[in-house]
Amino acid sequence: MSEIRTRNRWDEVFARRTKANAAEGLTSILALANSTDLISFAGGFPDPSTFPGIELAGHFNRLVGGGDVSALQYAPVAGLPGPRSFVADRLERDGSRPDDDELIITSGAIEALELLGKSLIDSGDLVLVEGPTYLGAIMAFQSFEAIVRAVPLDDDGLDVERLEAAIALHGPPKLLYTIPDHQNPAGLSLARERRERLIEVARRHGFLIVEDVAYRELGFTEDRLPSLWSLGPDVVVQAGTFSKTFIPGVRLGWGAGPRELIGGMIWAKQNTDQCATALGQRLLEEYGRAGGLDEQARRSRELYGRRAARLMDALKAHMPDGVSWTTPRGGFFSWLELPSGVDGSIVARGAVEKGVAIVPGAPFWPGPGGERNVRLSFSRVEDELIDEGIRRLASVIRNSTERVEL
Ligand SMILES: Cc1ncc(COP(=O)(O)O)c(C=O)c1O
């Protein structure tokens with residue numbers, strides 16, 4: 001009789017790429033963000049008051065009750081024709097329309113990054129990101145065993161001069177990942193002249209730019225800088241999402257870029273989920289064509305702009321000397337720098353004890369960095385709780401600063 005061997009250390013069987021991953025980071029952020037008994041500045045969640053419940057129910061009933069089987073059937077890998085043309089129309093309004101083979105509908109922006117990773121990255125390939133950057137992107141690229149290195153940001157976004165210095169040192173990357181508008185986690189945007197220079201650098205060195213436009217439509221004012229994809233369609237893939245402007249519950253996003261690369265993403269999608277939700281795609285199309293999406297974005301910009309202003313007022317009123325922060329002009333985030341010697345993860349732990357959730361800065365860097373930072377997301381904190389949350393956070397920082405000085 002063969003011996004039955006019971007494993008009690010399943011972590012031993014994980015692949016190298018899984019062991020190397022920072023998966024803990026995102027899971028714990030999402031757990032904190034969902035907690036209802038904390039004032040949570042933790043997750044980058046849209047506020048539920050922006051969700052179009054009743055309106056969506058009407059579209060749902062018409063779609064499902066009206067016998068439109070396309071909403072209930074498998075969809076083509078690159079997306080249903082109607083929703084694809086709806087997304088292409090929106091992109092055209094934003095400066096450039098993709099041809100039919102230059103667009104893919106994905107299950108959220110995170111899947112667009114996964115598909116790029118799966119189709120482009122070999123083990124050991126260099127991927128450059130902004131430091132700090134979106135943790136989900138670091139995880140996606142690392143899961144394909146890329147070497148992920150950061151190029152720092154300053155107030156004008158990605159520092160293109162330092163990018164060139166990094167290329168001189170390490171050689172050109174296979175791809176550079178950037179969030180040019182209202183960045184996660186820093187809340188900063190890439191200046192216009194840097195956008196043009198970045199395209200020129202990518203062309204000169206022959207690498208791909210992956211532009212993540214998750215917060216592009218959520219500027220607090222009307223002025224928008226040109227997207228990188230509209231400036232350099234030959235060297236840019238744009239990854240977008242409807243999670244922040246519509247609802248994350250449908251998991252819908254897109255990729256737009258050179259046809260060979262979109263073809264690679266379509267190939268990669270065949271054996272991930274095969275197609276993005278057909279029901280979600282049709283709901284988005286119906287709701288969007290009826291003007292719902294534009295109206296929702298207008299309301300969202302107003303709401304998040306107001307919360308950002310409240311956050312800025314609260315920070316000015318309560319933060320001790322030595323703390324600085326970014327002033328967002330859109331999106332969900334402000335990035336705090338703590339006084340020297342104060343550690344963001346210790347502040348985050350202290351804050352939970354005072355009933356406030358924030359995210360420490362270190363996970364937003366692929367290597368060392370961000371230890372003295374924390375990220376604040378103002379998108380889902382009720383207006384009247386912002387001041388109280390920041391007052392409590394400031395007292396935690398003040399205590400940590402005093403401890404350092406002892
Ligand atoms: C910069 C950035 N990209 C992508 C995403 C994820 O988008 P999705 O929900 O479409 O996967 C987020 C969400 O937090 C984000 O901040």
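Start at 1 and go down the list; that is how both ligands and their atoms are numbered.
E193 and R197 are not joined by a salt bridge, as no carboxylate oxygen comes within less than 4.0 angstrom of a charged side-chain nitrogen.
Listed here is the closest heavy atom pair of D387 and H318: OD1-NE2, 3.0 Å.
With a heavy-atom cut-off of 4.0 Å, Q183 does not touch ligand 1 at all. At a 4.0 Å heavy-atom cut-off, ligand 1 touches I179 through the side chain alone. Under 4.0 angstrom from ligand 1, the non-hydrogen atoms of Y215 all belong to its side chain. Under 4.0 angstrom from ligand 1, the non-hydrogen atoms of A214 all belong to its side chain. Contacts with ligand 1 closer than 4.0 Å are made by no heavy atom of E111, backbone or side chain.
Ring orientation note: the planes of Y177 and F141 are nearly perpendicular, at an angle over 60° on the 30°/60° scale.
Closest protein heavy atom to atom 1 (C) of ligand 1: D212 OD2, 3.4 Å. For atom 10 (O) of ligand 1, the nearest non-hydrogen atom of the protein is T241 OG1, 2.5 Å. Closest to atom 14 (O) of ligand 1, if we only count protein heavy atoms, is K244 NZ, 2.9 Å. In this structure, atom 12 (C) of ligand 1 lies nearest to the protein heavy atom Y134 CZ, 3.5 Å.
Just one of F41, Y215, F45, F220 meets the ring-ring contact (aromatic ring centres under 6.0 Å, His included) condition when paired with F332; it is Y215.
Residue contact check: G108 has heavy atoms under 4.0 Å from atoms 10 (O), 11 (O) of ligand 1. Residue-ligand proximity, S243 to ligand 1, at heavy-atom distances under 4.0 Å covers atoms 8 (P), 9 (O), 10 (O).
For the residue pair Y287/Q296, the side-chain donor-acceptor check at 3.5 Å is satisfied. In this structure, a donor-acceptor pair under 3.5 Å is absent between the side chains of N399 and K354.
Side-chain N or O atoms of K118 include one that pairs as donor or acceptor with a backbone N or O of A268 at under 3.5 Å.
Note that the CZ atom of R298 and the OG1 atom of T50 stand 12.5 Å from one another [nearest 0.5 Å].
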